[in-house]
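Residues: numbered from 1 along the sequence shown.
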Amino acid sequence: MTARGMHAGEHARDAEDLDVEEVLALVNEGSTGSGDPAVPPPSTSPAHSPQGTPPKPDTEQHKATPWPEARAIAGRAARTGSHRAPVSVTLDSALGLVLAAPLVALSDLPSFDTSAMDGWAVAGPGPWAVREDGVLAGHAQSEPLSDGEAVRIATGARVPADATGVIRSEHGRTDDKGRLHAARDVGHGQDIRPRGQECRSGDHLLPGGTLVTPAVLGLAAAAGYDTLTVVPRPRVEVLILGDELLTEGLPRDGLIRDALGPMLPSWLRALGAEVTAVRRLRDDAKALHKAITGSTADLIVTTGGTASGPVDHVHPTLRGMGAELLVDGVKVRPGHPMLLARIKDDQHLVGLPGNPLAAISGLLTLAEPLLRTLSAHPAPEPYALPLQEAVHGHPYDTRLIPAVLRGDSAVPLHYNGPAMLRGIAAADALAVVPPGGTRQGQQVELIDLPWAVAGIGVCFT
C-alpha cells in the first residue's frame, strides 16, 4: 500500500477509533512551546533576525549535511561493497523479507479439477440418480460419472471424471424417489475450478524483489513451496552508552532511566532488522573500541557520545580505527550531532544522539534508509499534507515534529524537544518542517511511523 493509500485507509481510524481531540489535549496540555532550546523564538521573518540581518551559522553548523542529502547518502551507502548472499528460510520466517528470486509455480493451480461449491457433481442431463457415497476434500478421485448420475460433493473435493458441472446445494432438490432435480440449467463446467485455472507449473507468479506479505506466503504454499529464497535481514547490534543510565526504578542521585534500550530494538525490528545484541557500555573509550571491532553485525547503532564533550568517545574511536565518515552532523532538529560511518565495506555504524527524540530523528534519518537498502525494500512513496497550525522553524535546519494525522491534514504536537517522548508516543507521523518554518495550511512531507502503517503486531515481529 502506498503512503497516500495508507493515509486514506489506516488513518481514517482517527475519527472512529481514536479520540484525536482527547489525544491532542493530553499531549499539548500545559505546553507553550516545543521544549527545544535549539528552536529560536518566532519573529516576523523566521529565517532572519528581527533587525533583518541574516544570522551567521557557526562552524559546526556550516559543515553539517543537509537533511535530505544525509538520507540520500545513507540510502546509497550500503550499495558500495555490500554483497549479501540470499538465504533460504521457511515460510513461517519469511514475512516482511524480500524475494531474492522469482516465485515460480511448482505445480498446476489447482492441481486437479475441484468443486468450487458444496452440492452435487452431475453428468449429462437431469434428473439424476444420486449415488449413495459422497466425495470429500482430501480423498482420492472417485469413480467416473455416467450420464444421468450425480454424487454429493464438498467444496475443494476432486471432481469425478466425466462430470458436466456442479449444482450448488441451494439450487438442487431430490424427489420422493431420491432423484435430483436442478432449479436452473446446468452449464458445462459450472462451479468447477479446472486444473491449471490459476497457473501452470513453471509459470512466473511474482518477480524477485517482491515483499513477502501474508498473501505472498499463501500463494507460495499453494504453489508447493516449503521455503523461500530471500534477502536476509540486516543484522544490527545496539550499543547503549552512558554512565548515567538506570535500567530499572525511579531516577535518583543524578541518574536517569534508559529510554533507548527498551525502545530501539523494537523500532529496528520494525524497520526490518534482526537485532543480534543490545549491550550497555560505560563511558569508556577502550570498551567502545573493543565492542565495535568485535562486532560482526552489518550495522552497529550507538546511542550518545556523538558530540565533543569529555566523555564523547565515538568520534575519536572511529578516527583511530580509520573509519570513513560519510555523514558527520545533520542539519536537523532534534538530532543534529548524528553520524554515519563505514567501518568496513560491508559494515556501517550509525551514531545516534543520546536524547530520546533526537535518537529517533537519527534513526529515521540515517538508519532507516541504510536498512532499507540492505533489506532490498523499496523506498516508501513520499506524500504531504497541510498542517493545521503554523510551526516555527530553525533558521538553517529541518525540524522533525511529531504529528497526528486527522482527515486530510496533520496536527503538530507539542513536547517535541530532543529529550521528550511524550509527543512521539501519541504521534502517527513526523512532519518535515523546512528551515524557516511553515504557515498554517502549508503542505509538508510526512514520515509515517511503523505502527501507523501496519500495526504493532505486524511490524514488530
Side-chain angles (χ1 to χ4, degrees), residues 1 5-6 8-10 12-13 15-17 91-92 94-95 103-206 210-226 454-455 457-458:
M1 182 181 292
M6 178 280 303
E10 288 289 333
R13 64 181 172 81
E16 300 172 2
D17 303 330
L91 295 187
D92 59 2
L95 182 65
L103 189 72
V104 179
L106 301 180
S107 68
D108 297 344
L109 279 183
S111 56
F112 47 80
D113 292 351
T114 62
S115 176
M117 293 287 171
D118 293 332
W120 297 268
V122 299
W128 299 269
V130 182
R131 288 181 182 174
E132 291 186 2
D133 59 335
V135 183
L136 300 176
H139 287 217
Q141 187 172 20
S142 61
E143 293 294 322
L145 289 173
S146 302
D147 281 356
E149 274 193 313
V151 63
R152 266 286 186 183
I153 195 166
T155 301
R158 192 167 187 165
V159 174
D162 299 328
T164 302
V166 171
I167 300 174
R168 302 184 185 189
S169 295
E170 61 269 27
H171 296 160
R173 63 174 181 84
T174 53
D175 59 24
D176 54 3
K177 296 181 180 180
R179 296 176 64 81
L180 174 67
H181 299 262
R184 57 188 67 182
D185 292 340
V186 181
H188 186 77
Q190 173 179 300
D191 285 327
I192 294 175
R193 292 189 63 211
R195 176 175 182 165
Q197 181 186 50
E198 187 167 1
C199 66
R200 290 291 184 180
S201 178
D203 284 354
H204 280 227
L205 304 177
L206 294 170
T210 299
L211 180 68
V212 178
T213 64
V216 170
L217 292 176
L219 176 62
Y225 284 83
D226 299 317
V458 173

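The side-chain contact (heavy atoms from CB on, under 4.5 Å) test with Y225 singles out one residue from L217, L219, L106, and that residue is L106. When the options E170, R168, H171 are evaluated for a side-chain contact (heavy atoms from CB on, under 4.5 Å) with M117, the one that passes is R168.
Separation of atoms NE2 (H139) and CG (D133) is listed at 11.5 Å; rounding is to 0.5 Å. Here NE2 of H204 is found 9.5 Å from CG of L103. Values are rounded to the nearest 0.5 Å. The CG atom of L109 lies 10.5 Å from the CZ atom of R195; values are rounded to the nearest 0.5 Å.
Looking only at distances, no side-chain donor or acceptor of D191 sits under 3.5 Å from a matching main-chain atom of A116. Counting only distance, with no hydrogens or angles, the side chain of S115 and the backbone of V159 share no donor-acceptor pair below 3.5 Å. T164 places a side-chain N or O within 3.5 Å of a backbone atom of G124 that can act as its donor or acceptor partner. Side chain of Q190 to main chain of V166: a donor-acceptor pair is present (N/O by atom type, distance under 3.5 Å, no hydrogens or angles).
The shortest heavy-atom contact between A150 and W128 is CB-CB, 3.7 Å. L145 and P160 get closest at one heavy-atom pair: CG-CB, 4.0 Å. The nearest pair of heavy atoms linking D162 to P144 is OD2-CB, 3.8 Å. The nearest pair of heavy atoms linking E198 to P110 is N-CD, 4.3 Å.
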Worked verdict on W120 versus R152 for side chain to side chain contact (heavy atoms under 4.5 Å, CB included): CA-CA 4 Å; W120 297 268; R152 266 286 186 183; 3.3 Å; yes

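Side-chain contact annotation: S201 with D108, donor-acceptor N/O pair under 3.5 Å absent. Side-chain atoms of R158 and S111 form no donor-acceptor pair, as typed in the model, at a separation below 3.5 Å.
Contact check for L180 versus P127: no side-chain heavy atoms found under the 4.5 Å cut-off.
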